[in-house]
Amino acid sequence: MSPSILLERHRALSKLLCNLIFTRDMGGGPRTFPGGVNKWQWKRMHEKRAREKEKRLLDQEKQLYQARIRSQVRAKLAGKPDPYSNPDPSMGHGPMSPTDHIKALASRFMKEGAEDLWNEDDGPLKSPPPRGTNERPGFVGPSGRRGSIRSPIDLRKLISEGRENVNFTNPSGSYVKRRNYSEQSWRRFRRNESSESEDDDEDYGPLNESPNPFARNMAGNRRDVNSEGEKLRLSKDENSDFEGESVKYFAGSSRWPRLSVGGGEEEENEGIMRERGVRKVGSSASLGKYDVKIKKRVPLQSLDGEVDFPLQVELIRHQLSKKSLVDENGGEKRGEESILSQKRFDECGISPLIVKALSAAGYVQMTRVQEATLSACLEGKDALVKAKTGTGKSAAFLLPAIETVLKASSNSTIQRVPPIYVLILCPTRELASQLAAEANAMLKYHDGVCVQTLVGGTRFKDDQKRLESDPCQIIVATPGRLLDHIENKSSLSLRLMGLKMLVLDEADHLLDLGFRKDMEKIVDCLPRQRQSLLFSATVPKEVRRISQLILKREHAFIDTVGLGCVETPAKIRQSCLIASHELHFQIVHHLLKEHISQTPDYKVIVFCTTGMVTSLMCLLLREMKMNVRELHSRKPQLYRTRISDEFRESKRLILVSSDVSARGMNYPDVTLVTQIGIPSDREQYIHRLGRTGREGKEGEGILLLAPWEEYFLDEIRDLPLEKVPLPHLDPNIKLKMEDSLAKIDTSVKESAYHAWLGYYNSIREIGRDKTTLVKLANQFCQSIGLQKPPALFRKTALKMGLKDIPGIRIRK
Ligand SMILES: Nc1ncnc2c1ncn2[C@@H]1O[C@H](COP(=O)(O)OP(=O)(O)OP(=O)(O)O)[C@@H](O)[C@H]1O
């Protein structure tokens, strides 16, 4: 063997050993922490402490405020002067003015980068209901007007008193409206407040005259101060993050003070910092001291009067030029609804062969999310990206992923263990196959780059053989199967040492409790020196916090939806029907028939709560002579793949599915999505709905709930859902339906009952009242044609906390 080859081998071996030694400590921070807890337990402990502290502070503040009001009332009744009025504000000892109070509270409690998260409901800000209306918030009334929505107070807006009215677009072209809220909103707020205080706050007498909305807000009475139709977006995020930096502000006038919450252990330091006029920003609450930036405090006062006129003129100019561009391209309407941007792929510095492959696939112009993210991703930055369903997020991360591989391959020397440069994780097997297919389409003209999937439901040994015989640089995997490989000490772990990029598609779901443990283990085995990209159509605030465990501190948060904007595509008509369980099957049948008669090329997805309920629904619809397929996790993988492919290619077909199809699946031209029963959460509703109305096309979504499930509407009250009356149901269909139900095997119905019970038991709002849950389950049981509820195994009943609940039968 020649010396040069030996030297080469020696180098490769040393590199590998270095990697092994230095990359065991991965994913951020040391591996062991005081008390022997691991990194994740340590961080969770800090999160918990921060939450508790925040709650304590809020409670204190609430008590102080209430005490103040009481004293004022007493003084007023006794004819004494207001004990809190400060005759000489310059003395500085009296109580703060309401506005100052709010500012002080805001600066104490709000976290940097989380101003929008102050909205506890995590939804857009909407206007208060007009007095005297009975319309349910969030629904479109018969007149077509949207019912108003109860939403929380936007502190920043209140702080922004004195600012000029400015309308501008952010770099994505979305409309941003800014107004002077000083008097108008204040008056509106007070009006709104007084209307409710009559019922709620008798004790406090003149509370409705109180000018301190925040204290009331803390007391749980959140109210909105926006006027109807206004899209208020005051956050720095949507401005700065389009620029690719999470700490950069787009407009001078939108420079907001960075605000933070100190974590449990940090109280002492916090005091010192405050004294020095320095404050911590970043995720100190959740990450202890590991993710804290030190920033100079920007005094609130000085910002109040600050108006950067030249910049505002520039913004208005930008808006006008954007508008004329849109008009040139076929009117404003089209411009708003198109997912495409003005930029072409050949303008953004990606490899010409990829551009060629993209053109072959019909991609010439970038979509907005692709334009907004590509440069940051190509620069190697970490990013958390939020964009609506069906807007091209997959290509937005696949392109930089492929570029990373091309770059790494051209730089690397021959290695004994071929490295995996890109790891893409996603929640379902079907989505993994879809992403791999899309990546392969982009790699059409690149022979040397290979993509493989690692998903459950296939033979583990086959995976291993494939990995050995056909070394790939990109892996698309589901967390469970990937972890099997890692824990099996296969060569995959070694190959992952060369990882350059980690992508989490449907990131919020992957960081959710169901996947969290697996994700923690996986991330621990990846090199720390990597780029991480997190994509989803929904990014709830907890996810934004937890995402920092994967992302670097200086990551970009790119939100193309925008704070306060509706999170679902504009062209999807959404409606909701409320009906008792026994009518559900009939209604579903009626809705499908109606849709089919109106839509020649129909393509429908019916989402059910669980796999077994999906199975029952599918059998029933098939009995009713409808063209249906079923897809859920109880089916073998080969069957799932076949059905998924068939549904992708076909028209005039109904797919009855569990949540395996809820996220990421790109079935073209789905005309209707129906959801039967409550989705597991608001995010799941948005993702399921997003299977229709993709690429800016039209779509329709119908949610069917039982009356007791109506509470869920509160979670999605900011979405444009129209509550529609029950359709007239044909009595003949009822009889037919009963016949069909009778033909279905009892075991299927029993399994559906058990699954139903398990599903709703796991939903916090319902599962905690076991007696009611069992009653409702028995209603469902009758609606599916079972005479009495099937018995549960004692162990199952125990696990579910249902053992001694009346109505539950235990197997002997
Ligand atoms: N630049 C482009 N030009 C034309 N079509 C595109 C472009 N980028 C993506 N698409 C198409 O847009 C559709 C939606 O893309 P994709 O599945 O990536 O959406 P998504 O944002 O990931 O949705 P979800 O949130 O549901 O996962 C696909 O049919 C895709 O082919």
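Remember, it's 1-based here, ligands and their atoms both numbered in the order they're listed.
The cationic atom of Lys393 (NZ for Lys, CZ for Arg) does not lie both less than 6.0 Å from the six-membered ring centre of Phe535 and within 45° of the ring axis.
In this structure, the side chain of Gln452 engages the main chain of Asp470 through a donor-acceptor pair within 3.5 Å.
Considering backbone and side-chain atoms alike, Asn666 places an N or O below 3.5 Å from some N or O of ligand 1. Polar contact check, Gly392 against ligand 1: a nitrogen or oxygen pair lies under 3.5 Å apart. No N or O atom of Glu438 sits closer than 3.5 Å to an N or O atom of ligand 1. Here's the thing with His687: none of its N/O atoms is less than 3.5 angstrom from an N/O atom of ligand 1. At least one N or O atom of Gly390, backbone or side chain, sits closer than 3.5 Å to an N or O atom of ligand 1.
Protein heavy atom at the shortest distance from atom 1 (N) of ligand 1 is Gln365 O, 2.8 Å. The nearest heavy-atom contact from the protein to atom 7 (C) of ligand 1 is Thr367 CG2, 3.6 Å. Here the heavy atom of the protein found nearest to atom 25 (O) of ligand 1 is Lys393 NZ, 2.6 Å. For atom 18 (O) of ligand 1, the closest non-hydrogen atom on the protein side is Ser394 OG, 2.8 Å. Looking only at heavy atoms of the protein, atom 27 (O) of ligand 1 is closest to Gly664 CA, 3.2 Å. In terms of protein heavy atoms, atom 4 (C) of ligand 1 is closest to Tyr363 CD1, 3.8 Å. With respect to atom 17 (O) of ligand 1, the closest heavy atom belonging to the protein is Arg694 NH2, 3.0 Å.
Ionic pairing of Lys343 and Glu371 is not present here: no N-O contact between side-chain nitrogen and carboxylate oxygen is shorter than 4.0 angstrom. For the pair Glu520 and Lys517, the salt-bridge criterion is not met [side-chain N within less than 4.0 Å of a carboxylate O]. Using a 4.0 Å cut-off between charged side-chain N and carboxylate O, Arg573 and Glu698 make no salt bridge.
For the 3.5 Å distance criterion, the side chains of Tyr685 and Gln574 qualify, holding a donor opposite an acceptor.
Heavy atoms of Leu358 stay at 4.0 angstrom or farther from ligand 1.
The CZ atom of Arg691 sits 4.5 Å away from the CZ atom of Arg694 when rounded to the nearest 0.5 Å. Atom CZ of Arg368 sits about 10.5 Å away from atom OG1 of Thr391, to the nearest 0.5 Å.
Screening Leu454, Thr453, Asp518 for a side-chain contact (heavy atoms from CB on, under 4.5 Å) involving Arg481 leaves a single residue, Leu454. Just one residue in the list Glu567, His687, Glu715 forms a side-chain hydrogen bond (donor to acceptor under 3.5 Å, both in side chains) with Arg682, and that residue is Glu567. The side-chain contact (heavy atoms from CB on, under 4.5 Å) test with Gln675 is passed by exactly one of Leu689, Leu705, Leu704: Leu689.
Under 4.0 Å from ligand 1, not a single heavy atom of Phe535 appears. At a heavy-atom distance under 4.0 Å, only side-chain atoms of Leu340, from C-beta outward, approach ligand 1. If you look at Glu695 next to ligand 1, the close heavy atoms, those under 4.0 Å, all belong to the side chain. Heavy atoms of Lys388 found under 4.0 angstrom from ligand 1 belong exclusively to the backbone.
Interface of Thr391 with ligand 1, defined as ligand atoms under 4.0 Å from a residue heavy atom, comprises 19 (O), 20 (P), 21 (O). Taking a cut-off of under 4.0 Å to the non-hydrogen atoms of Glu506, the atoms of ligand 1 that pass are 27 (O). Taking every heavy atom of Phe345 and a limit of under 4.0 angstrom, the matching atoms of ligand 1 come to 1 (N).
Aromatic ring orientation, Tyr667 versus Phe647: perpendicular (interplanar angle above 60°, classes split at 30° and 60°).
Within the set Arg691, Gln370, Arg663, Glu371, the minimum heavy-atom distance to atom 8 (N) of ligand 1 is found for Gln370.
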Quick one: do Lys552 and Glu554 satisfy salt bridge (Lys or Arg N to Asp or Glu O under 4.0 Å)? Show the steps, please.
CA-CA 5 Å; Lys552 288 191 201 94; Glu554 61 279 8; 5.9 Å; no
